[in-house]
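When a residue number appears, it is its place in the shown sequence, counting from 1.
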Amino acid sequence: MSDRIAQLNAQYGAAGRIAFREGEGGFTVAQLVCRYGACELSLYGGQVLSYRPVGHGPVLYLSPKAVFAEGKTIRGGIPICWPWFGKRAGSPSHGFARTSRWTLVETAYTDAYTEAVLGLKDTPETRAVWPYPFELKLVARLGDCLRLTLSCANTGDAPMPVTQAFHPYFRVRDIRRVRVSGLEGAACHDYVTDSDSVCGEGDWVAEGPTDRLVNPKANGCVIHDDGLGRKLTMTFSGARSLVVWNPWESGEKQMADLDPGAYTRFLCVEPVCTGVTALSIPPDGTASLSLAIQSANA
Ligand code: TA6
């Protein structure tokens with residue numbers, strides 16, 4: 001065990017509840033356990049890598065070909081897209097938070113939950129690509145659900161433009177046997193066809209490459225996995241939209257970190273602030289985005 005890991009365990013660990021290990025790529029991973037389940041959180045990227053409630057299978061998909069290397073994105077789990085969502089000329093898509101080394105701020109546990117708090121602040125490197133001082137805090141609370149809260153503070157003296165998302169890869173048995181309820185009647189922009197529409201009544205099903213911005217009427221949806229016989233309920237706050245994404249076979253072929261057929265084993269449903277819901281955080285202002293995920297038998 002490296003000195004760094006030993007120090008983290010000594011200072012922030014708790015027997016049977018919180019432990020740190022050296023993960024792939026030499027990245028530090030926090031292991032959180034409580035009576036309801038377990039999860040792992042990479043300090044590289046502030047990225048949840050796994051979540052498994054007691055009595056249930058893994059909730060998140062992590063590609064067996066995921067790359068764990070400095071400056072690379074990890075395919076799967078729950079990437080944090082910040083301070084921009086999507087593509088940006090001359091920069092990696094989805095911002096630099098998911099390829100940054102976050103610091104551990106604190107850990108806590110009670111009878112009901114186990115929690116880790118990570119932090120990320122601006123550096124000369126971040127200011128070179130994005131000229132705003134900031135402080136990010138991620139609270140990962142594992143209890144009877146997995147709840148993530150990303151809080152962003154503008155520590156500068158100018159308004160800070162932010163688009164952001166949690167980008168969870170929900171594990172499914174077969175995308176072709178998945179239904180999503182809660183999107184009925186939602187206004188939708190389809191990035192694949194560059195067209196606008198309204199989601200029909202009834203559950204949404206994926207029928208091909210999917211990349212769409214949806215404005216659901218409520219702050220959540222349910223992913224019904226008829227293959228696994230379970231449903232994943234996700235609720236969110238601090239956003240009004242969701243991006244629903246699956247690359248399908250055509251998109252998967254463009255991704256070296258996905259095996260052939262991997263597209264059938266996940267669906268991304270992402271609470272997002274982008275477009276008309278993009279943020280402008282005033283000086284000394286804050287904004288937060290939260291996501292809660294719970295698994296239940298269908
Ligand atoms: O989830 C929406 C999206 O922006 C898609 O357009 C696709 O690019 C996906 O994110 C994955 O992006 P990544 O940079 O992680 O490969």
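With Tyr113 as the aromatic partner, Arg141 meets the cation-pi criteria of under 6.0 angstrom to the ring centre and within 45 degrees of the ring axis.
Two residues are said to be in side-chain contact when any heavy atoms from C-beta on lie closer than 4.5 Å; Leu32 and Ile18 meet this criterion. Counting heavy atoms from C-beta on, the side chains of Lys231 and Val222 come closer than 4.5 Å. For the pair Glu207 and Val205, the minimum side-chain heavy-atom distance is below 4.5 Å. Proximity of Lys87 to His94: side-chain heavy atoms (C-beta onward) are nowhere separated by under 4.5 Å. Between Val272 and Thr163 there is no side-chain heavy-atom pair separated by less than 4.5 Å. Inter-residue side-chain proximity for Leu136 and Trp102 is flagged as met; some heavy-atom pair is nearer than 4.5 Å. Side-chain atoms of Leu146 and Val59, non-hydrogen and from C-beta on, never get closer than 4.5 Å to each other. Val180 has its side chain out of reach of Val244: every pair of non-hydrogen atoms, C-beta onward, lies at least 4.5 Å apart.
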- Query: Is there a side-chain contact (heavy atoms from CB on, under 4.5 Å) between Met255 and Arg75 once you walk through the steps?
  - Reply: CA-CA 10 Å; Met255 299 177 171; Arg75 179 74 60 194; 3.8 Å; yes

- Message: Could you walk me through whether Arg4 and Glu22 satisfy the side-chain contact (heavy atoms from CB on, under 4.5 Å) test, starting with their C-alpha distance in whole Å, then the side-chain angles of each, then the deciding distance to 0.1 Å, before giving a yes or no?
- Response: CA-CA 9 Å; Arg4 173 170 46 95; Glu22 188 160 312; 3.8 Å; yes

- Message: Go through it in stages, so that I can follow the logic: the residues are Thr73 and Thr99, the test is side-chain contact (heavy atoms from CB on, under 4.5 Å), and I'd like the CA-CA distance, side-chain angles, deciding distance and then a yes or no.
- Response: CA-CA 6 Å; Thr73 60; Thr99 54; 3.8 Å; yes

- Message: Show, in sequence, the C-alpha distance, side-chain angles and deciding distance for Leu104 and Leu118, and conclude whether the side-chain contact (heavy atoms from CB on, under 4.5 Å) test is met.
- Response: CA-CA 5 Å; Leu104 184 74; Leu118 305 186; 3.5 Å; yes

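Of all non-hydrogen atoms in Ser91 and Trp84, the two that sit nearest each other are CB-CZ2, 3.4 Å. Across every non-hydrogen atom of Asn154 and Gly156, the tightest pair is OD1-N, 2.8 Å. Heavy-atom minimum distance, Lys137 versus Val117: CG-CG1, 3.5 Å. Closest non-hydrogen pair, Gln164 versus Phe85, comes out as N-CB, 4.2 Å. Residues Ala97 and Leu120 approach most closely at CA-CD2, 4.1 Å, considering heavy atoms. Cys199 approaches Cys188 most closely through the heavy-atom pair SG-CB, 4.1 Å.
For Gln254 (side chain) and Glu252 (main-chain N/O), no donor-acceptor pair under 3.5 Å exists by modelled atom type. In terms of modelled atom types and a separation under 3.5 Å, the side chain of Asp174 and the main chain of Val178 share no donor-acceptor contact. When atom types are taken as modelled, the side chain of Arg230 and the backbone of Gly57 share a donor-acceptor pair closer than 3.5 angstrom. Checking side-chain atoms of Asp225 against main-chain N and O of Leu228 turns up a donor-acceptor pair under 3.5 Å. A distance-only check finds a donor-acceptor pair linking the side chain of Thr103 to the backbone of Gly119 [under 3.5 Å]. The main-chain N or O of Ala108 is never found under 3.5 Å from a side-chain atom of Arg17 such that the two would form a donor-acceptor pair.
Ring centroids of Trp82 and Phe134 are separated by less than 6.0 Å, placing the two rings close together.
Tyr263 and Trp245 fall into different hydrophobic clusters, where Ile, Leu, Val, Met, Phe, Trp and Tyr are joined by side-chain heavy atoms under 4.5 Å apart, directly or via other members. Transitive grouping of hydrophobic side chains (ILVMFWY, heavy atoms separated by less than 4.5 Å) brings Val269 and Leu148 into a common cluster. Linking Ile, Leu, Val, Met, Phe, Trp and Tyr whenever their side-chain heavy atoms come within less than 4.5 Å leaves Phe266 and Leu242 in two separate clusters. Cluster membership for Val29 and Tyr109, using ILVMFWY side-chain heavy atoms within less than 4.5 angstrom, is not shared. Linking ILVMFWY side-chain heavy atoms closer than 4.5 Å, directly or via other members, places Val33 and Phe20 in two distinct hydrophobic clusters.
Note that SG of Cys268 and CZ of Phe166 are 14.5 Å apart. Values are rounded to the nearest 0.5 Å. Atoms CE and SG, from Met160 and Cys152 in turn, are 3.5 Å apart once rounded to the nearest 0.5 Å. In this structure, CZ in Phe170 is found 6.5 Å from CD1 in Ile78, a value given to the nearest 0.5 Å. Separation of atoms CZ (Arg52) and CG (Leu142) is listed at 13.5 Å; rounding is to 0.5 Å. One finds the CG atom of Asp190 at 4.5 Å from the OG atom of Ser195 (value rounded to the nearest 0.5 Å). Taken to the nearest 0.5 Å, the CG atom of Leu258 stands 12.5 Å off from the CD atom of Glu249.
Between Tyr132 and Trp130, the ring-plane angle classifies as tilted under the 30° and 60° cut-offs.
With sequence neighbours left out, Ala187 forms a side-chain contact (heavy atoms from CB on, under 4.5 Å) with Asn215. Every residue two or more places apart in sequence or in another chain that forms a side-chain contact (heavy atoms from CB on, under 4.5 Å) with Arg240 is listed here: Thr277. Scored by the side-chain contact (heavy atoms from CB on, under 4.5 Å) test, Pro79 finds Gln47, Arg98, His167, Tyr169 as partners (sequence neighbours excluded). Residues passing the side-chain contact (heavy atoms from CB on, under 4.5 Å) test with Ala206, sequence neighbours excluded: Ile175, Trp204, Thr210, Trp248.
Around CG of Asp196, the count of heavy atoms belonging to other residues, nucleotides or ligands within 6.0 Å exceeds 12.
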Show every donor-acceptor pair shorter than 3.5 Å between a side-chain atom in residues 35-43 and any protein atom, with sequence neighbours excluded, or say none if there are none.
| residue | atom | partner | partner atom | Å |
| --- | --- | --- | --- | --- |
| Arg35 | NE | Asp111 | O | 3.4 |
| Arg35 | NH2 | Asp111 | OD1 | 3.1 |
| Arg35 | NH2 | Asp111 | OD2 | 2.7 |
| Glu40 | OE1 | Arg21 | NH2 | 2.7 |
| Glu40 | OE2 | Arg21 | NE | 3.0 |
| Glu40 | OE2 | Gln31 | NE2 | 2.9 |
| Ser42 | OG | Tyr44 | N | 3.1 |
| Ser42 | OG | Tyr44 | O | 2.8 |

Kindly list each side-chain donor-acceptor pair under 3.5 angstrom involving residues 282-296, sequence neighbours excluded, with atom names and distances?
| residue | atom | partner | partner atom | Å |
| --- | --- | --- | --- | --- |
| Ser290 | OG | Ser237 | OG | 2.5 |
| Gln294 | NE2 | Asp144 | O | 2.7 |
| Ser295 | OG | His56 | ND1 | 3.1 |

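Comment: Asp257 does not engage Lys65 in a salt bridge, judged by the lack of any side-chain N to carboxylate O separation of less than 4.0 angstrom. A salt bridge links Arg101 with Glu70: at least one charged nitrogen is closer than 4.0 Å to a carboxylate oxygen. With salt bridges taken as basic N to acidic carboxylate O contacts below 4.0 Å, one links Arg127 and Asp122. A salt bridge links Arg179 with Asp226: the closest approach of a Lys/Arg side-chain nitrogen to an acidic carboxylate oxygen falls below 4.0 angstrom.
Side-chain N/O atoms of His224 and Ser181 include a donor and acceptor closer than 3.5 Å.
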